[in-house]
Amino acid sequence: MEEQKNSQKFSPILWFKGLPAWIRGVVINVAVMLLLVMVFFMVGNYLYGPAKSARGYYEAKLSEDWNGVYDNCKFPESPFLSRQNFINANSYVKGGVSAQSEMPEITSYMMRKKQSDGNTAVYQVNYSLKGDGEAHIESLSMERGSSVLKMFNNWYVTPEDLYIRDVKITVPEDARLVIDGIDVTEKHKEKSEDSTKAVYKVPYLFLGWHTVELKEPGKENYREIFQLKEQKALEFIPELQLNNQSGKEICDQAEEALEAIYAGAASNQDFDKISKYFAGDKDTQKAAKKAYEDLTDQFSTKKSVGIATLSVTRVTTSVQNKEELMHAEIEVNYTAEKVSKWFFFFYDTENYSDSVVLKSQVTKEDGKWVFDAGIIPAL
């Protein structure tokens, strides 16, 4: 009786063997297909899921593979957050290249979703490193990216701790600001309380190392490498030196102006004849006119005595920046003949050599270098 009961028990294997061959073939194919579909989705969810991107991000960061870090991250659209800028910001080491003998290796890794709103999610990541007894726990924000095969999505880390927003940089007003080879245009310019300084607000900068360049017409370019560690305002107010071409232009213009001033004063010409050599503002023109008229009074006329002839033998000019302004120091060596009256209709002539040092502020107006009243000598 017992044997009969056992023989009546259902056996899936016997049942399957009892099916027609074509049905067995269909069942096997369906089972294999379902298994392949399950494997396909499991592999797809891993390859294009947040777990792989997050681990890839940590492994690249720990091994200082900055290309790999950038590949697993999503940053705001900005030329200041380019791949090359990210690599430069993290690769430069002041004073030399760092070399780490052994890169950290992740020995255990786990991540758990803390919150999600569809396209973004925050995960808690727990990992430990080889040879390090500490358990590292971090919060990681991630964002869903483009779709793959309309079934999966790439995921990217959104690490706001790698960059800073709205960095204010103050530079000289006339200088063109270039950060990491990118021109900071007028659209980034802010209102400045100091007319000699310009303030720019750069939308994004990576934490780390950067290059700043200041370019001003007629002056040598200024370049500096700086490290950005935290959210703070930056200021670059160097003393930009004149380039060789500008220095030569100023020296030539100073000699031309002096020649015109002496010639005009000796022939009692009006100030209008030489006014073009001076800055156009009202105060400068007024001061220059007064100094020129005083110089003109030193020369002799048909009705008065004074300097009869004057010849400039040498002009030496040096130009430098002082307190963000350009100054020219001009040494003039000359010989002169002076006529003086000593008794009624008797006159005495004196020949002598002398020199005078002139100090003048130099500016550029309409493409030409101009001076203040300091370039007019008082003989």
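FYI, side chains are in, hydrogens and waters are out, and symmetry mates aren't considered; it's all heavy atoms of this structure. Remember, it's a predicted structure, so these values are computed and weren't measured experimentally.
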Handout entry: Hydrophobic cluster membership, V199 vs I164, 4.5 Å side-chain cutoff
Key = no
Practice task
Assert yes or no for the condition that the ring centre distance of Y277 to Y292 is strictly below 6.0 Å.
Solution key: no
Exercise for the section: Using only heavy-atom distances, determine whether the side chains of Q227 and Y92 contain a donor-acceptor pair under 3.5 Å. Expected result: no
Practice task
Verify whether one side chain among Y222 and E216 offers a donor that lies under 3.5 Å from an acceptor in the other.
Solution key: no
Problem - E365 (side chain) donor-acceptor with G280 (main chain) under 3.5 angstrom - result: yes
Practice task
Report yes or no: do S141 and T158 form a side-chain donor-acceptor pair below 3.5 Å?
Solution key: no
Exercise for the section: Taking all non-hydrogen atoms of both residues into account, name the closest pair between A254 and T317 and its distance. Expected result: CB-OG1, 4.2 Å
Exercise for the section: Determine, stepwise, if the pair V312 / L258 fulfils side chain to side chain contact (heavy atoms under 4.5 Å, CB included). Expected result: CA-CA 9 Å; V312 175; L258 281 168; over 6 Å; no
Handout entry: Minimum heavy-atom distance between V167 and K232, given as atom pair plus value
Key = CG1-O, 4.0 Å
Handout entry: Heavy-atom closest contact (K114 atom, S139 atom, distance)
Key = NZ-OG, 4.2 Å
Problem - Side-chain heavy-atom pair Y163, L207 within 4.5 angstrom cut-off - result: no
Handout entry: E186, K168, E190 screened by side chain to side chain contact (heavy atoms under 4.5 Å, CB included) with Y200, the one that passes
Key = E186
Completion exercise
Of all heavy-atom pairs linking D372 and S360, the shortest is OD1-OG, 2.7 Å
Handout entry: Pair F75 + F206: ring centers closer than 6.0 Å
Key = yes
Problem - CD (E235) with more than 12 external heavy atoms under 6.0 Å - result: yes
Practice task
Establish whether F299 and Y352 are linked, either directly or via other cluster members, by ILVMFWY side-chain heavy-atom contacts under 4.5 Å.
Solution key: yes
Practice task
State whether the side chain of S91 and the backbone N or O of N88 hold a donor-acceptor pair below 3.5 Å, judged by distance alone.
Solution key: no
Practice task
Taking atom CD of E224 as the centre, report whether more than 12 heavy atoms of other residues, nucleotides or ligands fall under 6.0 Å from it.
Solution key: yes
Problem - Heavy-atom pair of closest approach, residues V356 and P377 - result: CG1-CB, 4.2 Å
Problem - T196 versus D194, side-chain donor and acceptor atoms under 3.5 Å - result: yes
Problem - Least distance between heavy atoms, M142 atom then P50 atom - result: CE-O, 3.4 Å
Exercise for the section: Compute the centroid of each ring, for Y127 and then for H136, and state whether the two points are separated by less than 6.0 Å. Expected result: yes
Practice task
Let me see the working for I169 and V184 under side chain to side chain contact (heavy atoms under 4.5 Å, CB included), right down to the final yes or no.
Solution key: CA-CA 10 Å; I169 302 178; V184 183; over 6 Å; no
